[in-house]
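See structure below.
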Protein chains: 2
Amino acid sequence: MREYYSITELTREFGISTRTLRFYEDEGLIHPVRRGRTRLFRQSDRHLVRQILRGKRLGFSIAEIGEIVQMYREPPGEVGQLKLMIKRIEEKREDLRQKRRDLEETLAELDHAEESCVERLAELGVNT
Amino acid sequence: MREYYSITELTREFGISTRTLRFYEDEGLIHPVRRGRTRLFRQSDRHLVRQILRGKRLGFSIAEIGEIVQMYREPPGEVGQLKLMIKRIEEKREDLRQKRRDLEETLAELDHAEESCVERLAELGVNT
DNA sequence: AACAACATTTACGTAAAAGTCAATTACTGG
DNA sequence: CCAGTAATTGACTTTTACGTAAATGTTGTT
């Protein structure tokens with residue numbers, strides 16, 4: 001468990017470019033510390049990158065991912081802010097539940113499509 | 001159950017623009033029939049649009065959605081093509097399973113984030 | 001016939017999310 | 001100390017997925 005990772009180490013670990021990591025920093029998604037001008041990535045940054053890429057695979061925009069990673073941070077101290085945050089979290093969860101429904105439906109249709117193919121193969125007398 | 005729907009009927013039904021529907025046609029995702037130059041959308045087109053939008057919500061690109069909707073069509077007649085199709089379907093399913101893992105992890109993290117907020121509220125003596 | 005409402009094609013514009021390239025600057029091993 | 005590798009910033013480019021506008025066609029009232 002090292003303390004710091006270089007930018008190229010992260011690009012290899014995650015299969016993304018330096019440009020991408022710098023872009024995420026510009027967009028305020030990550031905040032690697034600096035030694036001089038050089039970025040040093042901590043464990044927390046690596047974890048954030050993992051979360052960002054997860055969000056991307058789920059089709060969230062960078063802006064939406066920005067909202068999500070805010071929710072992972074320390075809860076705010078003020079009651080109004082806390083309630084707002086809870087509301088936002090609930091919205092994102094609804095969003096994710098919709099995606100889950102979409103996902104299950106798509107999987108079901110693909111199952112069906114594969115079955116059709118297998119049946120067709122059987123009709124053609126191919127041993128599966 | 002009508003036979004044909006106009007383009008604006010579909011835009012209202014799905015909350016998308018005519019431009020979007022024409023774009024999907026240009027990309028070969030849908031093939032509405034024509035009366036003169038006017039597009040007429042059938043049930044099957046409506047179903048396809050629903051599938052396309054599902055794919056979009058899951059973060060698939062138009063090209064990927066194109067591949068997916070091909071899989072929903074009649075299985076090909078040739079053995080080699082069938083086997084290839086089955087392989088492709090399996091790939092997409094793996095893709096979807098990854099998305100499902102991403103989704104569950106994200107949901108779990110959001111659950112945790114919400115709990116933290118609720119706890120914090122309790123600490124502040126707010127009746128939930 | 002005129003008007004609205006809806007449709008079409010063509011073409012250019014744009015925002016998001018990087019890719020690519022150039023010119024510097026920083027580090028590191030020999 | 002210096003070559004070579006790694007990192008930085010900045011600018012420009014590209015791709016995707018449409019938006020938008022212009023000019024024109026079609027249909028259905030009134």
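Protein chains get the first letters and strands the later ones, always in sequence-line order, with residue 1 at the start of each.
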inquiry  = Under the rule for salt bridge (charged side-chain N to carboxylate O under 4.0 Å, His left out), what residues qualify as partners of A:Glu3, not counting sequence neighbours?
reply    = none
note = Sequence neighbours excluded, the answer for salt bridge (charged side-chain N to carboxylate O under 4.0 Å, His left out) partners of B:Arg42 is B:Asp45
Which residues within [range] lie with some heavy atom under 4.0 Å of an atom in DNA chain D?
{"range": "residues 58-69 of chain A", "value": "none"}
{"range": "residues 20-32 of chain A", "value": "A:Arg22"}
{"range": "residues 1-18 of chain B", "value": "B:Ser17"}

request  = Compute whether any side-chain donor of one residue and acceptor of the other, for B:Ser17 and B:Thr20, lie under 3.5 angstrom apart.
outcome  = yes
Not counting sequence neighbours, which residues clear side chain to side chain contact (heavy atoms under 4.5 Å, CB included) with [X]? List them please.
{"X": "B:His47", "result": "A:Glu109, B:Arg50, B:Gln51"}
{"X": "B:Thr38", "result": "none"}
{"X": "B:Glu78", "result": "B:Gln81"}
{"X": "B:Ile7", "result": "B:Thr18, B:Leu21, B:Arg22, B:Arg39, B:Phe41"}

task = Ignoring backbone atoms, test whether A:Lys56 places a side-chain nitrogen or oxygen under 4.0 Å from the OP1 or OP2 oxygen of C:dA17.
result = no
task = Would you please name every residue forming a side chain to side chain donor-acceptor pair (under 3.5 Å) with A:Arg46, sequence neighbours left out?
result = A:Tyr5, A:Glu13, A:Gln43
message = Are A:Asp95 and A:Phe60 packed together at the side-chain level, in the sense that at least one heavy-atom pair is separated by less than 4.5 angstrom?
response = yes
Test item: B:Arg88 and B:Lys92 side chains (from C-beta on) under 4.5 Å apart, heavy atoms = no
Does [atom1] belonging to [X] count more than 12 external heavy atoms closer than 6.0 Å?
{"X": "B:His31", "atom1": "NE2", "value": "yes"}
{"X": "A:Arg35", "atom1": "CZ", "value": "no"}
{"X": "A:Glu74", "atom1": "CD", "value": "no"}

ask   = Would B:Leu48 end up clustered with B:Val33 when hydrophobic side chains under 4.5 Å apart are linked, directly or stepwise?
value = no
request  = Look up atom CD1 in B:Ile89 and atom CD in B:Glu67, then write down how far apart they are to the nearest 0.5 Å.
outcome  = 12.0 Å
Below 3.5 Å is the cut-off: list the nitrogen or oxygen pairs between protein and nucleotides 21-30 of chain C, distance only.
none

task = With a 4.0 angstrom cut-off to heavy atoms of chain B, pull out the first and last contacting nucleotide of DNA chain D, in 5'-to-3' order.
result = D:dA17 to D:dG25
